[in-house]
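Here's the structure we're looking at; comments come further down.
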Amino acid sequence: GDSVTQTEGLVTLTEGLPVMLNCTYQTIYSNPFLFWYVQHLNESPRLLLKSFTDNKRTEHQGFHATLHKSSSSFHLQKSSAQLSDSALYYCALEATGGNNKLTFGQGTVLSVIP
Amino acid sequence: NTKITQSPRYLILGRANKSLECEQHLGHNAMYWYKQSAEKPPELMFLYNLKQLIRNETVPSRFIPECPDSSKLLLHISAVDPEDSAVYFCASSLRDNNQAPLFGEGTRLSVL
């Protein structure tokens, strides 16, 4: 079945440093959709980025990611971390075929400290 | 997110029956129930498209979904179990556009 693997556990960064959260996936489908969701404490997951185009950078709210089908990756990056970026980040995969089932990774907690 | 409303927001139950409600006015044709247990990612329970149940993941039979119209979704729970303690999110999307699900605020269920 489909699976998503993310940077494990907790990533702690000092404010102003670059952010990189890893995401790799496995699927038999050749045209998957990849998503990043962010979930702040006691809130619902909110879509941050999405992509289905190979090697095209997608950006939103200072974050960016590029889907690389050759390496099955969709890493989340930001040039400079802010305190407000502290949250739980999920990478998710939807295989094509319109089944609309998101397969989530286990999540990565990002903690940005002053 | 105030575009998908869920009620109640908090629920504390013994072994009772209760229904969770969800409504969206976004014109979305797909509606979902997700369960998020502590420190775990959301897990799909049910997916409706145009009021038809098209995905029914492995969920205990005490959970029964209902979609009375394309903008409303219900989750009936009977004789809850402690393992049911979780946040239940309703979500919706435009299925044909491969749009990512938009999540509601969730109902936090605590089973005594």
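Lettering follows sequence order; numbering is per chain, from 1. Both backbone and side-chain heavy atoms feed into the values below; hydrogens, waters and symmetry mates do not.
Heavy-atom distances place the side chain of B/Glu57, and not its backbone, under 4.5 Å from chain A. Using a 4.5 Å cut-off between heavy atoms, B/Glu39 does not touch chain A at all. If you measure heavy-atom distances from A/Tyr37 to chain B, the contacts under 4.5 Å come from the side chain alone.
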Checking salt bridge (charged side-chain N to carboxylate O under 4.0 Å, His left out) for the pair A/Glu94/A/Lys101: CA distance, chi angles, key distance, verdict?
-> CA-CA 6 Å; A/Glu94 181 183 347; A/Lys101 178 180 178 179; over 6 Å; no
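Applying the side-chain contact (heavy atoms from CB on, under 4.5 Å) criterion to A/Thr108, with sequence neighbours excluded, gives A/Gln6, A/Thr7, A/Val11, A/Leu21. Take B/Asp81 and apply the side-chain contact (heavy atoms from CB on, under 4.5 Å) test, not counting sequence neighbours, and it matches B/Arg62, B/Glu83, B/Asp84.
Ring geometry for A/Phe33 versus A/Phe52: interplanar angle of 30 to 60°, hence tilted.
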